[in-house]
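Reading through the structure tokens given below for one structure.
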Amino acid sequence: MSARQPTDYGAAGDTLSAETQTATLTSTPMATPALPSTRKEPPPEKLSDIRRRIWVIVSFWLIVLLLGLPIWWKTTTIHRANLPLKDMLDWADGKACRPVFPLRISIQANSLQEHEAQNLLRLTQHALDDLNDFSGHHLRLQLSSPAAAQKRNDEPDTALTIRLLPGEAVTATLDPYEPVLDITYPPNAAPSATSASSSLATYVAGQLRSTFAEEQAIISYLLSSNSIPTDYRPQGLTPEAAESLAKRTTRSLKYAPTYHLTFSLFTSGPLPSSWDIEAAIQDYMKPVLDLLSPIHNFTIDTQVQLYASPGVQNQVLGKDDLSSFINAAEWPLSPSIGGAPTVNFIVFVGNQTIALSSQNAQDSAEGGLTTSQSWLIPQWGTVYLLSLPHDTAHVSVDALKQPLLTFTSHLLSLTGTPNSGSLPLRLSTLSRIRSADLLLRASSTLGSLARLALALKSISIPSSVADGVSKTIVHLRRACETLGEAEGLEHARIAEAEAERAFFEKSMVGQLYFPDEHKVAVYLPLLGPVAVPLVMGMLNELKAWRRRKREAAEKGKEKKTE
């Protein structure tokens with residue numbers, strides 16, 4: 001039996017153990033400790049680089065603030081000249097001027113003793129003051145000297161002259177060609193030097209009040225239509241009178257220094273082909289135009305037109321026909337010359353007449369005046385229907401007499417002339433009415449301009465507007481001091497023209513249509529790309545400065561703890 005070989009288990013076990021350990025290490029690797037991050041921090045910024053960057057940002061902001069903003073402010077600032085807004089509003093509210101018309105009435109009493117005439121003057125003045133309820137329209141009586149009684153031109157500022165003449169009864173007669181009122185009285189009606197009352201004085205006061213009643217009513221209406229203090233406005237203007245005055249104001253033309261008069265002859269056939277209009281104007285209308293010359297200037301042109309309208313075939317024109325008779329768009333009328341308002345006077349040759357009734361005898365379809373052959377169109381002119389024989393080739397001066405007289409009467413109505421009194425007295429009243437109207441209109445325009453300047457802060461106010469306002473106020477003051485005189489009308493005319501010119505200044509009116517939204521739409525695309533980098537750079541630099549300050553504070557604390 002053979003001997004058994006010994007087995008080396010120790011070496012085999014050691015080999016197995018090594019293999020097992022190797023497999024274990026391969027399947028489950030050993031955990032290793034975390035290594036520090038390998039990210040490389042940038043080197044600390046040099047102090048010189050920080051300062052350079054700060055100076056770059058500061059330089060940009062200095063350019064914007066010290067150069068850009070002043071240039072922008074200078075080039076975009078709206079010029080607003082200084083206006084006396086308080087004075088302008090005072091004029092508009094009636095606080096700067098209360099229109100007063102002190103009319104001088106001259107009394108010629110050559111047949112009375114001086115002390116008797118003085119007593120009559122005093123009693124008449126007291127009676128006038130008792131009857132007058134409007135302090136703005138005051139009649140001042142004065143005795144006329146014997147020399148002035150013979151030559152009235154020595155008293156150009158006298159509104160009316162009263163001549164007291166002895167007679168059998170108390171009567172009053174107004175001279176049709178001169179502003180003179182003749183009053184006759186019996187001998188027993190004259191007051192003595194010591195009389196406390198007089199029927200003659202009462203009669204004279206009543207005549208004066210009735211003579212100037214229409215003027216006072218018109219001025220009362222003008223003042224009540226404007227911003228005049230209530231304690232100054234006249235009393236007693238009835239609604240009917242106010243309505244009548246309103247219609248008259250609507251009918252009359254707006255005041256203008258010059259009017260252009262166009263005389264047209266309209267024919268429906270070849271005849272007539274000519275007319276003596278120049279001679280007719282010279283004979284029948286020129287005297288009135290000369291009397292109106294201190295208030296208005298007139299330019300004249302004439303024409304002959306061939307025109308036939310299907311709307312005027314009826315021989316009798318009713319109220320409804322008048323509304324469609326005139327077609328200014330088709331009628332070949334002359335245009336305005338020099339910008340002056342045009343007044344049209346048309347002689348229409350035909351066989352038509354106007355049907356009148358008790359209801360429409362004074363009212364046309366346009367609200368004007370109607371007669372049997374003519375009618376007035378408010379703020380436009382007059383049409384006169386002239387009937388002539390069919391074979392008339394030339395219209396003579398005699399045939400034009402009635403049309404020209406009608407045109408003259410209607411011209412006075414269109415210019416706002418009062419209806420009562422003699423013609424010289426009516427024209428002097430017209431001068432005072434126009435003075436008051438222009439003064440009130442200029443004052444109202446100043447108020448509108450002041451309110452516009454206060455409401456729109458961004459509106460441009462050129463220096464020319466300020467100069468116009470200054471001139472307006474100067475002439476308004478002079479007009480207020482000289483109301484009732486020829487000088488007052490001239491100052492009021494200049495004041496109204498300067499006020500209108502200042503209010504309608506072209507460069508100022510253009511700013512009314514430049515809203516703020518338009519400014520935003522213009523500036524935003526330009527300022528946005530420039531402002532964003534500047535603002536962001538400044539914010540980033542502020543954050544970096546705060547961070548450096550915080551780090552410096554932390555390092556300081558660490559040094560103290562060590």
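Sequential numbering from 1 along the given sequence is applied to the chain's residues. On a predicted model such as this, the values are computed, not experimentally measured, just so you know.
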Next on the checklist: Under 4.0 Å between a side-chain nitrogen and a carboxylate oxygen: does that hold for K286 and D290?
Outcome noted: yes
Item to check | Ion pair E214/R248, N-O distance below 4.0 Å | outcome: yes
Checklist entry - So, do V343 and L253 sit near enough that their side-chain heavy atoms are less than 4.5 Å apart? => result yes
Checklist entry - Pick one: which of D301, N297, N344 meets side chain to side chain donor-acceptor pair (under 3.5 Å) with H260? => result D301
Checklist entry - Hey, what's the ring geometry for Y384 with F407, parallel, tilted or perpendicular (30° and 60° as the breaks)? => result perpendicular
Checklist entry - With the threshold set at 4.0 Å, does a side-chain nitrogen-carboxylate oxygen contact exist between R478 and E481? => result no
Item to check | Donor-acceptor contact below 3.5 Å, side chain R451 vs main chain L89 | outcome: no
Next on the checklist: Is there a side-chain contact between Y255 and I295 in this structure, where contact means two heavy atoms from C-beta onward sitting under 4.5 Å apart?
Outcome noted: yes
Item to check | Within 6.0 angstrom of N82 CG, more than 12 heavy atoms from elsewhere | outcome: no
Next on the checklist: Checking side-chain polar atoms at under 3.5 Å, does S264 have a donor or acceptor matched by the opposite partner on Q303?
Outcome noted: yes
Checklist entry - In Å, rounded to the nearest 0.5 Å, how long is the span from CG of L128 to CD1 of I105? => result 8.5 Å
Checklist entry - Quick one: are L439 and L476 in side-chain contact, heavy atoms under 4.5 Å? => result yes
Item to check | Sidechain-backbone polar pair: R426 side chain, P418 backbone, donor-acceptor under 3.5 Å | outcome: yes
Checklist entry - Would Y185 and S199 count as having a side-chain donor-acceptor pair, cut-off 3.5 Å? => result no
Next on the checklist: Is it true that H475 and E498 share a donor-acceptor pair across their side chains at a distance under 3.5 Å?
Outcome noted: no
Item to check | Whether T406 side chain and Q402 backbone form a donor-acceptor pair below 3.5 Å | outcome: yes
Checklist entry - Just by modelled atom types, is the T250 backbone N or O under 3.5 Å from a matching donor or acceptor in the Q379 side chain? => result yes
Checklist entry - Do the side chain of R434 and the main chain of T415 share a donor and acceptor less than 3.5 angstrom apart? => result yes
Item to check | Side-chain heavy-atom pair V397, Y284 within 4.5 angstrom cut-off | outcome: yes
Checklist entry - Quick one: OG1 on T417 to CD1 on I218, what's the gap to the nearest 0.5 Å? => result 9.0 Å
Checklist entry - Any side-chain donor-acceptor pair under 3.5 Å between T184 and T171? => result yes
Item to check | Interatomic spacing from CG in L385 to CZ in F266 - rounded to 0.5 Å | outcome: 12.5 Å
Checklist entry - From Q216 CD over to N132 CG, what is the distance, rounded to the nearest 0.5 angstrom? => result 5.0 Å
Next on the checklist: Any non-hydrogen side-chain atom of L411 less than 4.5 Å from a side-chain atom of Y259?
Outcome noted: no
Checklist entry - Any side-chain heavy atom of R501 sitting closer than 4.5 Å to one from S464? => result no
Item to check | 4.5 Å side-chain heavy-atom contact, T472 and T445 | outcome: no
Item to check | Side chain proximity check, V395 to L386, heavy atoms < 4.5 angstrom | outcome: yes
